[in-house]
Amino acid sequence: MFRPRNDFTYLMPVHFGGGKFDAGTLITQRSTALTLTYETERDLLENYIPEGFELLAPEVQVSFNRFTEINWMQGGQYNLINVAAPVRFHGTKDRLDGAYTLVVWENKTAPILGGREQTGIPKIYADIEDLHIVRPHYATTVSYEGNTFLTLDFEAAGPITGEDLDAVKSQMASMNTLGWRYIPKVGAPGAELSQFVLYPQGMEVESAQAGTGTLRWTEQTPMQNPAQYYIINSLAALPIKRVTQALLTEGTAVLRAMGARVIE
């Protein structure tokens, strides 16, 4: 009969096997990232920040990533939209600053499953267009079953060089991504497992462009997006006061998935 090994890590279905756990495992992938950060209302954004965290600034960061040459996917690729806010975690043992992940959309199943179960990142599915590029203009849309709910537009102003580029490289070399790993009980209300997780990662930036950007959330009805409409509408209700940063970067993303840990 099948028996799990204590030195292995598994995803469901467990009985077909897993892999030997190695805390030093690195996920590497080529990355084209478009990031827009905007100021919003603090009181409204704090509705989505759990107790134990402090919102450091009333800002929402929306990042598109095109990942290619992914080592664990044998050279595969997928697209991602990450929505996060800057926070400080005040725990009984841990105190750290990072980006609290509000939601992540991805357009392939495999990274969604690992990210949710192993590292507590709230990943869900959407159709995410590759960047449409007519330089200096870049754009993408995010939809579900034909219903577009997010549009990103960027106009590059030119490459970032010198000390400014060094600052971007330093800022993105190491990032504390924070998630809430929540597993509901079976047949009862409440959580079987509820814990905050630190998922360390970073990007080795090779080039960067500054510019101007706009984004638009489009509210959805339950008919258009039955499982996600309330998430999208909550984000759409956050006013976009002004875009504070618009950045396009190229490089290699390095994710330390097996180096993630529970924070307390």
Side chain to side chain, [X] and [Y], heavy atoms closer than 4.5 Å:
{"X": "Phe21", "Y": "Met258", "value": "yes"}
{"X": "Gln224", "Y": "Glu145", "value": "no"}
{"X": "Arg256", "Y": "Leu26", "value": "yes"}
{"X": "Ile263", "Y": "Arg261", "value": "yes"}
{"X": "Asp22", "Y": "Lys20", "value": "no"}

Residues that [X] engages under ring pair (Phe, Tyr, Trp, His ring centres under 6.0 Å), provided they are two or more places apart:
{"X": "Tyr78", "answer": "Phe67"}
{"X": "Tyr138", "answer": "Phe154"}
{"X": "Phe64", "answer": "none"}

Problem - Pairing of Arg30 and Glu206 as salt bridge, 4.0 angstrom limit - result: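 Yes, this pair counts.
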Without placing hydrogens or testing angles, list every side-chain donor-acceptor pair under 3.5 Å for residues 167-177, not counting sequence neighbours.
residue: Asn176; atom: ND2; partner: Asp97; partner atom: O; Å: 2.9
residue: Thr177; atom: OG1; partner: Gln201; partner atom: NE2; Å: 3.3

Minimum heavy-atom distance between [X] and [Y], given as atom pair plus value:
{"X": "Leu178", "Y": "Gly98", "value": "CD1-CA, 4.1 Å"}
{"X": "Ala139", "Y": "Asp153", "value": "CB-OD1, 3.3 Å"}
{"X": "Val14", "Y": "Phe2", "value": "O-CZ, 3.4 Å"}
{"X": "Ala208", "Y": "Thr249", "value": "CB-CG2, 3.8 Å"}

Same cluster (ILVMFWY, side-chain, under 4.5 Å), [X] and [Y]:
{"X": "Leu198", "Y": "Ile183", "result": "no"}
{"X": "Leu36", "Y": "Ile128", "result": "yes"}
{"X": "Val83", "Y": "Ile121", "result": "no"}
{"X": "Ile160", "Y": "Leu34", "result": "no"}
{"X": "Trp180", "Y": "Leu55", "result": "yes"}

Indicate every side-chain donor-acceptor pair of residues 230-239 with a distance under 3.5 Å to a residue at least two apart or in another chain.
residue: Asn233; atom: OD1; partner: Gln220; partner atom: N; Å: 2.8
residue: Asn233; atom: ND2; partner: Gln220; partner atom: O; Å: 2.9
residue: Asn233; atom: ND2; partner: Tyr229; partner atom: O; Å: 3.4
residue: Ser234; atom: OG; partner: Tyr230; partner atom: O; Å: 2.7

Exercise for the section: State yes or no: are the ring centers of Trp105 and Phe149 separated by less than 6.0 Å? Expected result: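 So the answer is yes for these two rings.
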Practice task
Hey, can you tell me if Tyr10 and Phe8 have their rings parallel, tilted or perpendicular (30° and 60° cut-offs)?
Solution key: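 Geometry flag for Phe8 against Tyr10: tilted rings.
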Practice task
Determine the interplanar angle of the Phe196 and Tyr100 rings, folded into 0 to 90°, and report it as parallel if under 30°, tilted if 30 to 60°, perpendicular if over 60°.
Solution key: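 Perpendicular, since the angle between the ring planes exceeds 60°.
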So, taking the atom named [atom1] in [X] and the one named [atom2] in [Y], what distance separates them when rounded to the nearest 0.5 Å?
{"X": "Thr101", "Y": "Tyr199", "atom1": "OG1", "atom2": "OH", "value": "10.5 Å"}
{"X": "Tyr38", "Y": "Glu59", "atom1": "OH", "atom2": "CD", "value": "11.0 Å"}
{"X": "Asn71", "Y": "Gln29", "atom1": "CG", "atom2": "CD", "value": "7.5 Å"}
{"X": "Thr32", "Y": "Arg66", "atom1": "OG1", "atom2": "CZ", "value": "8.5 Å"}

Exercise for the section: Return yes if a side-chain donor-acceptor contact under 3.5 Å exists between Thr35 and Ser63, otherwise no. Expected result: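 Side-chain D/A pair, Thr35 to Ser63: present.
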Exercise for the section: Scan residues 41-58 for pairs that pass side chain to side chain donor-acceptor pair (under 3.5 Å), counting only residues two or more places apart or in two chains. Expected result: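 Listed once each, the pairs are Glu41-Lys241, Glu54-His90.
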